Asker: 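Please find one structure pasted underneath; my questions will follow.
So you know, we letter chains A, B, ... as the sequences are listed, proteins then strands, and number each from 1. On a predicted model such as this, the values are computed, not experimentally measured, just so you know.
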Amino acid sequence: MRDEATFRVKAGLAEMLKGGVIMDVVTAEQAKIAEDAGAAAVMALERVPADIRREGGVARMSDPTVIEAIKEAVSIPVMAKARIGHFMEARVLEALEVDYVDESEVLTPADEANHIDKWRFKVPFVCGATNLGEALRRIGEGAAMIRSKGEAGTGDIVEAVRHIRLITSELRRLQGAEESELPSAAKELRAPLELVREVAERGRLPVVLFCAGGIATPADAALMMALGAEGIFVGSGIFKSEDPPARARAIVEATTHWQDAARVAAASRGIGQPMSGLEAAKLAEGELLAGRGW
Amino acid sequence: MAGSGGRPVGVLAIQGGFEAHERMLEGLGATVREVRSRSDLDGICALVLPGGESTAIMHGVEREAMAEPLRERIAAGLPVLGSCAGLILLDRDHLGVMDIRAQRNAFGRQVRSFEADIKLRGFAGPPMRAVFIRAPWIAEHGVNVEVLAEIDGHVVAARQGEMLAVAFHSELAGDARLHQWLLARAQ
């Protein structure tokens with residue numbers, strides 16, 4: 001008797017990605033470079049976030065041709081993004097047998113009130129969060145992996161740091177709370193009480209927590225690991241840099257050896273210029289992606 | 001018990017699901033050491049090769065120049081538990097220490113991943129809850145390899161001397177029997 005698509009099976013793949021780097025790629029060739037550099041998975045996209053920002057327009061799910069070419073090129077898991085609330089894009093991605101769907105704020109949201117009901121899918125979902133309540137709401141909807149959002153396509157780490165620090169400090173606060181305080185904490189977090197109780201008891205999310213949005217250097221990746229991330233998403237940071245294969249290898253190495261600054265230093269040498277980046281604090285309100293989703 | 005208070009059990013922590021194995025071993029009273037570079041192998045009494053992405057883990061093993069010391073120690077009888085990607089690492093095409101050929105992602109992509117109860121020869125008690133995630137199977141094996149479990153005719157657990165290789169994750173279902181086996185054989 002085989003039980004498919006149980007929550008344990010969905011969350012289990014994220015468990016296997018831990019300590020690894022998931023890289024945004026737009027072509028099969030980039031996917032191969034990522035795999036050869038030691039990526040734990042790739043995110044198949046039409047445009048990296050930095051280009052979505054620059055070019056504007058509506059950002060949608062990738063062309064299936066691109067996703068299929070990437071699936072052909074590598075043996076590591078292939079993820080792809082669907083717009084927030086666009087359950088039909090997610091259905092298409094499931095039919096294409098991608099390994100994880102990212103319901104992502106980097107794409108233009110399709111539904112202003114509802115996220116995808118992720119329980120209705122066999123394919124697992126990863127979702128972004130800026131705080132603990134948002135993470136628990138996504139898990140309540142069936143997400144099997146969470147990534148802190150950061151501010152995608154900027155190469156500026158400040159929002160990623162803000163989000164992971166907020167999530168981990170809220171986790172600590174819940175862990176210290178008394179049982180009688182949990183219903184009001186759940187109300188404050190706008191999160192299901194059952195999940196709030198589980199988190200209070202364990203002191204950690206019930207799913208794997210990665211970090212995303214603005215990681216551009218090996219030291220950035222090590223910083224996020226030190227702040228409590230269990231792995232790293234790198235979007236524009238690799239293929240918008242001067243030497244993508246070298247930078248990809250270096251970020252992988254720094255993610256494994258984040259506790260050893262000498263190794264992070266060694267990994268940071270001779271890898272060319274990082275992406276130039278945009279200062280997140282100087283972006284206009286309407287240009288921020290992290291506010292999408294609720 | 002071996003591995004408790006004395007020499008640590010190494011868990012390869014280059015990338016992958018190493019923490020779940022650490023929790024199982026610590027639950028059994030063992031001292032655990034994460035193995036991220038060559039020197040971490042010194043003095044360990046047993047080793048877990050966890051699940052994860054085998055290409056990413058193998059990339060790290062080569063970067064750390066860890067393949068040769070791993071081969072030497074395993075050939076010298078260091079007890080090893082390899083799970084999923086760890087099974088792949090042990091096979092002929094990777095570390096080459098176990099006389100098996102793993103077929104990667106043999107059960108298919110993530111939407112085909114599953115869990116099931118399986119009976120492992122030589123392990124007493126109820127069936128083991130086994131979680132198969134983009135799992136491999138053992139496509140070929142030599143005569144010195146003892147097959148412990150099959151699913152639909154495909155070998156998913158096997159033993160050769162001090163090496164135990166499984167295609168699944170029992171650590172995700174909280175079953176400690178494989179880790180007990182490892183600790184019982186720890187040097």
Side-chain angles (χ1 to χ4, degrees), chain A residues 1-22 34-42 71 74-79 93-101 121-124 144 204 208 230-232 248-250 252-253 255-260 263 267, chain B residues 11-21 23 34-37 39-40 50-64 83-86 88 103-105 107-118 127 129-136 151-152 168-169 171-174:
Chain A
M1 217 341 242
R2 291 189 190 184
D3 297 319
E4 291 186 342
T6 61
F7 194 70
R8 190 152 57 191
V9 163
K10 290 175 171 178
L13 177 55
E15 199 70 34
M16 296 311 136
L17 297 170
K18 270 188 182 175
V21 182
I22 300 169
E35 183 175 58
D36 291 344
V42 290
K71 274 175 58 195
V74 296
S75 66
I76 54 179
V78 175
M79 302 183 166
L93 294 174
E94 182 177 56
L96 293 170
E97 296 201 351
V98 303
D99 295 295
Y100 243 92
V101 173
F121 287 77
K122 281 185 77 175
V123 68
R204 55 191 293 171
V208 169
E230 298 181 291
I232 304 289
R249 281 194 301 272
V252 167
E253 188 171 348
T255 301
T256 295
H257 292 288
W258 62 272
Q259 295 163 92
D260 184 346
R263 289 297 302 266
Chain B
V11 178
L12 190 67
I14 300 263
Q15 188 275 321
F18 48 87
E19 277 166 7
H21 286 284
R23 283 197 292 273
E34 292 188 347
V35 174
R36 291 168 196 260
S37 57
S39 60
D40 296 330
E53 282 312 310
S54 59
T55 54
I57 297 174
M58 206 55 208
H59 178 272
V61 164
E62 276 159 15
R63 180 191 64 222
E64 304 300 325
S83 156
C84 195
I88 297 169
Q103 184 166 339
R104 296 183 56 209
N105 304 335
F107 288 96
R109 305 191 72 91
Q110 174 62 13
V111 290
R112 316 256 172 244
S113 293
F114 63 98
E115 47 183 296
D117 288 327
I118 62 168
R129 194 64 177 165
V131 186
F132 292 80
I133 295 175
R134 289 169 44 94
I151 281 195
D152 300 338
F168 53 82
H169 303 278
E171 78 285 0
L172 293 182

Asker: Got a sec, which residues hit ring pair (Phe, Tyr, Trp, His ring centres under 6.0 Å) with F107(B), two or more places apart in sequence or on another chain?
Answerer: F114(B), F132(B), W137(B)
Asker: Atom CZ in R63(B), atom CE in M58(B): separation rounded to 0.5 Å?
Answerer: 12.5 Å
Asker: Working to the nearest 0.5 angstrom, can you tell me the gap between I76(A) CD1 and N105(B) CG?
Answerer: 10.5 Å
Asker: For D36(A), is it the side chain, the backbone, both, or neither that has a heavy atom closer than 4.5 Å to a heavy atom of chain B?
Answerer: backbone
Asker: With a 4.5 angstrom heavy-atom cut-off, could you sort out which part of S113(B) is near chain A: side chain, backbone, both or neither?
Answerer: both
Asker: Let me know if A5(A) has heavy atoms under 4.5 Å from chain B in its side chain, its backbone, both or neither.
Answerer: backbone
Asker: What residue in A11(A), S75(A), P124(A) has the most heavy-atom pairs under 4.5 Å with chain B?
Answerer: S75(A)
Asker: For chain A, which candidate among G16(B), A116(B), A85(B) shows the most heavy-atom pairs at distances under 4.5 Å?
Answerer: G16(B)
Asker: Which one, R109(B), E53(B), E64(B), leads in non-hydrogen pairs under 4.5 Å with chain A?
Answerer: R109(B)
Asker: For chain A, which of A56(B), A130(B), S54(B), G60(B) has the most heavy-atom pairs under 4.5 Å?
Answerer: A56(B)
Asker: Which atoms of A37(A) are under 4.5 Å from chain B, going by heavy atoms: the side chain, the backbone, both sets, or neither?
Answerer: backbone
Asker: Could you check whether any side-chain N or O of E34(B) sits under 3.5 Å from a backbone N or O of V11(B), counting only pairs where one atom can act as donor and the other as acceptor?
Answerer: no
Asker: Can you tell which of I118(B), D117(B), D152(B), I57(B) has the highest number of heavy-atom pairs within less than 4.5 Å of chain A?
Answerer: D152(B)
Asker: Who wins among M1(A), R8(A), E4(A) for the most heavy-atom pairs under 4.5 Å with chain B?
Answerer: R8(A)
Asker: So for A173(B), is it side chain, backbone, both, or neither that comes closer than 4.5 Å to the heavy atoms of chain A?
Answerer: both
Asker: Taking ring pair (Phe, Tyr, Trp, His ring centres under 6.0 Å) as the test, write out the residues that go with H21(B), two or more places apart.
Answerer: H179(B)
Asker: Less than 4.0 angstrom from a charged side-chain N to a carboxylate O is my criterion; do E94(A) and K122(A) meet it?
Answerer: no
Asker: Non-hydrogen atoms of chain A under 4.5 Å away: do they reach the side chain of E171(B), the backbone, both or neither?
Answerer: side chain
Asker: Taking side chain as everything from C-beta outward and backbone as N, CA, C, O, which of these in V74(A) sits under 4.5 Å from a heavy atom of chain B? Side chain, backbone, both or neither.
Answerer: neither
Asker: Under 4.5 Å from any heavy atom of chain A, what part of V111(B) do you find: side chain, backbone, both or neither?
Answerer: both
Asker: Could you state the interatomic distance from OG1 (T255(A)) to NZ (K18(A)), rounded to the nearest 0.5 Å?
Answerer: 15.0 Å
Asker: Decide, yes or no, whether a salt bridge links R263(A) with E253(A) under the criterion of side-chain N to carboxylate O below 4.0 Å.
Answerer: yes
Asker: Check whether R36(B) gets within reach of chain A through its side chain, its backbone, both or neither, counting any heavy atom under 4.5 Å.
Answerer: both
Asker: Donor-acceptor pair, Q110(B) side chain versus V9(A) backbone, under 3.5 Å?
Answerer: yes
Asker: Do you know the tightest heavy-atom contact between C84(B) and I133(B)?
Answerer: SG-O, 3.9 Å
Asker: Write down the atom of I14(B), the atom of T256(A), and the distance for their closest heavy-atom approach.
Answerer: O-OG1, 2.8 Å
Asker: Name the member of A40(A), A41(A), G19(A), G12(A) that forms the most heavy-atom pairs with chain B at distances under 4.5 Å.
Answerer: A40(A)
Asker: Check whether R134(B) gets within reach of chain A through its side chain, its backbone, both or neither, counting any heavy atom under 4.5 Å.
Answerer: side chain
